[in-house]
Amino acid sequence: MTRQNPPKLFVPPSAQVTLAASRRSFLRSAAIGGALLGSSSLLAACGGDSGGGGGSTKTVKFGVNEAKGSGPAYQRMKGFADAYQKKSGVTVSANYVDHNTFQESINTYLQGQPDDVFAWFAGYRMQQFAEDGLLSDLSDLWPIDGMSDAFKEASTSSDGKQYLVPYDYYPWALFYSKSVWDQNGWTPPTTYDDMITLAEDMKGKGLAPFAFGDKDGWPAMGTFDILNMRINGFDFHMSLLGGDEAWDSNEVKKVFETWANLLPYHQEDPLGRTWQETATSLAKGEAGMMMFGTFIGDAIPDAVDDLDFFVYPQIDPSIPADSLDAPIDGFALASGGKNQDAGKAFLKWLGTAEAEDAANAAADAPMIGANSNASQDSYSALQLKSADVVSSATHIAQFLDRDTDTDFASTVMIPSIQTFLKNPSDIDGLTKSIQEQKVSIFGS
Amino acid sequence: MTATESHATTSGRGSSAAPKPRRRRRLSITDRIVVGLMVAVPALLVLWLVWLPAMGSVALSFGTWNGIGSVDQIKWVGFQNYHDIATIYPPFWPAMRHNLIWLVFLFVFPTMLGILLAVVLDGNMRFGRFYQTAFYLPVVLSLALIGFIWQLFYSRDQGLLNDVFHTQVDWYGDPKINLWAVLVATAWRHTGYVMLLYLAGLKSVDNSLREAAAVDGANQVQTFFRVVFPVMRPINVIVLVIVVIESLRAFDLVWVINKGRNGLEIIAALVSQNVVGEATRYGFGSALAVIMMVISSVFIAIYLRIVFKEEQR
């Protein structure tokens, strides 16, 4: 949900999301049809090449959440597979599935006949699978040379063991257009007050200080996350999303109150604007800055060289601005996979800088390698800065929809945040409603 | 059918006695097997593909289950899901209201417009075929394309409507407007559908009825309302049912636009939000689906009653 690959067609950004959405909804209905018929191996059926003896030590099955030909992300995955096959002599039988389809069918996939190694991401959902016994313990692969403790923390489940080998990440920060800021002599603010002063100045010059769109439902979560981390701290944020805090508490109300104060500086009518349209308004100089992930460039490829970013400024003076959202993607070992040993050997290699270099070498555009020893030669300026920001962060959160129960994120938080954006004054009613639904989902 | 003859003669006990012989034509073994299979196979399919999942949904609606592990992981919670839906689930009541608005709107505007277009196009008009095709085209367009077309009109910052009228209306984002914006898009598609059904109906109306009405001195309007419309009763019933079903299962456009949130809540979208895709509130979603099923059943029952009554006549 936090990253979507727009199709490479010549259509306006506003339409791309519609096309993607309808393709998804079709696949989704296909998925539920399959589920109803009791077909447990839907994903296995999607990929072309599922041949080869399952139990052979010479073959490892690799489930990839990128469809064939879907751009650099696919090329990197193929790069991983090809390089390992060449190096080790083990046949990597890869199963390429569309990103969203993969994500949405994951339950049936893992309980059916999953591939040995599959692409997933860090966070609550990974932990849930680990708790349900669907993932194999990878703690003997850790520590991984070149990966910081923040990455280890993100790969760890509630039992203290690791279940993930990260391969890339993309931080969320405030993006801006360098040329626009240079013209006006603006510099990144480091405190809340500085940010308000800057926003006032932007408003005076006819710009919307914050480009803002939430038609897709998830982009505004980024703002909630960072405000909560800055106001209540990382630990409270994680425990709130983990279901251990009350949503109608004063802490949460304060987050929404701060946000309500900031809303006049946000672009109007966010609920009708897709994230691609939001990014376009930033590129056109209609807005001053935008809270988003580094994949913002996908929507405005021509303006990407003019973009720069800074981490969200400090709000509470007692809480350092050292935590941020930086969703981490990684590989896990399915406990239902037939070839555990070969899978683990493959994973051990996948965590190395060598593997990430091979993946980046095979693609038109590089990812930011999770392994800090990976070569940064091919990185863009934005990626170099991202790597720098994330490696200096003390805590990394995974984004709201990855850090909490999926049902809660999609059926409660998306509508609730949208309700808040429509009517920012009724914070008591809003938080009460979230809390009631949270209890219904988490059971406490 | 020669085999049935021999059965008939053997069963006859003294052919002269009864003027109305009990000659019930019995089927041969082969025929019985064939008929049996023809009934049993579809029945089993319906049972397996329709009734089993439907009953499964009803059962699931009384539990909570996230789809992981076998069915014994289901925690049975009684009517908790239904209670939660009615009390603490904010999108539910708006969704009921929106479905109702949808029904009334579809019935009042596109259906009437469709009938009107059909009547107009039924006359021998120049380029009639062309207009027919033009109005019917939206029905055959794929959903992706329809979503794409309307996004081009409605986009707040880049859309045609705001560009032409120099307005800043947030067509899809403002919950007071977006339902109506979507209803217009739906009407665009629905009108052609109704038009085609009525055109087919009108073609089947015996022309002598119209001539007779004309001889009796009825004008065009009178002919339509007093003669043609009542004759088309079967089509009317079908159209009525289609409108009801379409408005209940209204889903696709809304899902394409914003997945049924923010002013576009409708029951079918809520069901999908909860069970399809990443979310796995199977119990809760099933309860919503059951509510939807109950409402549709009422209309289906009414429809079947009308159909059976018709057959009995």
Side-chain angles (χ1 to χ4, degrees), chain A residues 1 11-15 17-19 21-26 28-29 31-32 35-37 100 103-104 106-108 110-111 125 128-129 132 134 214-217 268-274 277 280-281 286 401 406-407 409-411 414-416 418-419 421-422 433 436-437 439-441 443, chain B residues 48-49 52-53 56 64 66-70 75 80-81 84 87-91 142-152 154-159 168-175 178 251-252 255-259 261-263 265 270 272-281 284-285:
Chain A
M1 240 167 147
V11 283
S14 58
V17 70
T18 326
L19 287 172
S22 45
R23 188 194 69 228
R24 252 176 277 141
S25 44
F26 166 71
R28 201 179 267 131
S29 37
I32 194 171
L36 283 174
L37 289 174
N100 290 297
Q103 201 156 319
E104 285 159 5
I106 189 76
N107 268 1
T108 25
L110 286 180
Q111 295 184 88
R125 198 79 197 284
Q128 273 184 322
F129 290 145
D132 288 322
L134 296 170
D214 196 35
K215 181 167 178 277
D216 315 280
E268 281 176 22
D269 299 339
L271 298 183
R273 197 177 289 115
T274 63
E277 289 171 317
T280 306
S281 69
E286 294 166 0
D401 63 7
T406 324
D407 299 346
S410 62
T411 66
I414 289 181
S416 297
Q418 291 189 334
T419 305
L421 296 176
K422 275 181 282 185
S433 167
E436 282 170 350
Q437 296 181 78
V439 171
S440 148
I441 288 179
Chain B
W48 182 46
L49 293 175
L52 207 70
T64 60
N66 68 356
I68 290 179
S70 57
K75 227 171 68 199
Q80 184 68 43
N81 287 328
D84 284 357
T87 54
I88 62 165
Y89 189 52
S142 83
L143 192 74
L145 214 54
I146 289 178
F148 173 64
I149 290 168
W150 287 96
Q151 176 87 41
L152 294 179
Y154 282 143
S155 165
R156 181 189 184 278
D157 301 345
Q158 301 163 11
Q168 291 232 309
V169 181
D170 190 6
W171 294 103
Y172 275 169
D174 186 339
N178 58 9
F251 169 74
D252 32 28
W255 192 259
V256 168
I257 290 161
N258 68 2
K259 306 208 166 173
R261 299 170 181 133
N262 176 37
E265 294 88 353
L270 295 189
S272 306
Q273 279 173 20
N274 280 286
V275 299
V276 184
E278 267 200 281
T280 52
R281 293 171 89 180
F284 196 80

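Quick note on labels: first sequence line is chain A, next is B, and so on, each numbered from 1.
- No other option in A:Ser440, A:Pro415, A:Pro270, A:Ser433 has as many heavy-atom pairs under 4.5 Å with chain B as A:Ser440.
- In terms of heavy-atom pairs under 4.5 Å with chain A, the best-connected choice from B:Ile149, B:Asn274, B:Asn178 is B:Asn274.
- No side-chain N or O of A:Ser281 forms a donor-acceptor pair with one of A:Glu277 less than 3.5 Å apart.
- For B:Gln80, no part lies near chain A; criterion is any non-hydrogen pair under 4.5 Å.
- Contact annotation for A:Gln418: only side-chain heavy atoms (C-beta onward) come within less than 4.5 Å of a heavy atom of chain B.
- Put simply, OH on B:Tyr172 and NZ on A:Lys215 are 7.0 Å apart, with the number rounded to the nearest 0.5 Å.
- Contact of A:Asp269 with chain B is made through backbone and side chain together, with heavy-atom distances under 4.5 Å.
- Not counting sequence neighbours, B:Asp174 has no partner by the salt bridge (charged side-chain N to carboxylate O under 4.0 Å, His left out) test.
- Within the 4.5 angstrom heavy-atom criterion, only side-chain atoms of A:Ile441, from C-beta onward, approach chain B.
- For B:Thr64, the side chain to side chain contact (heavy atoms under 4.5 Å, CB included) partners are B:Lys75, B:Val77, B:Asn81, not counting sequence neighbours.
- Taking the charged nitrogens against the carboxylate oxygens, B:Asp157 and A:Arg273 do have a contact shorter than 4.0 Å, which makes a salt bridge.
- Contact of A:Leu134 with chain B is made through the side chain alone, with heavy-atom distances under 4.5 Å.
- Under the 4.0 Å criterion applied to side-chain N and carboxylate O atoms, A:Asp407 and B:Arg281 are not assigned as salt-bridge partners.
- A:Asp216 and A:Thr274 share no donor-acceptor pair across their side chains, judged by distance under 3.5 Å alone.
- Between chain A and the residues B:Leu52, B:Asn258, B:Asn262, the most heavy-atom pairs under 4.5 angstrom are made by B:Asn262.
- Ranked by heavy-atom pairs under 4.5 Å with chain B, the first of A:Leu421, A:Thr411, A:Thr419, A:Asp132 is A:Thr411.
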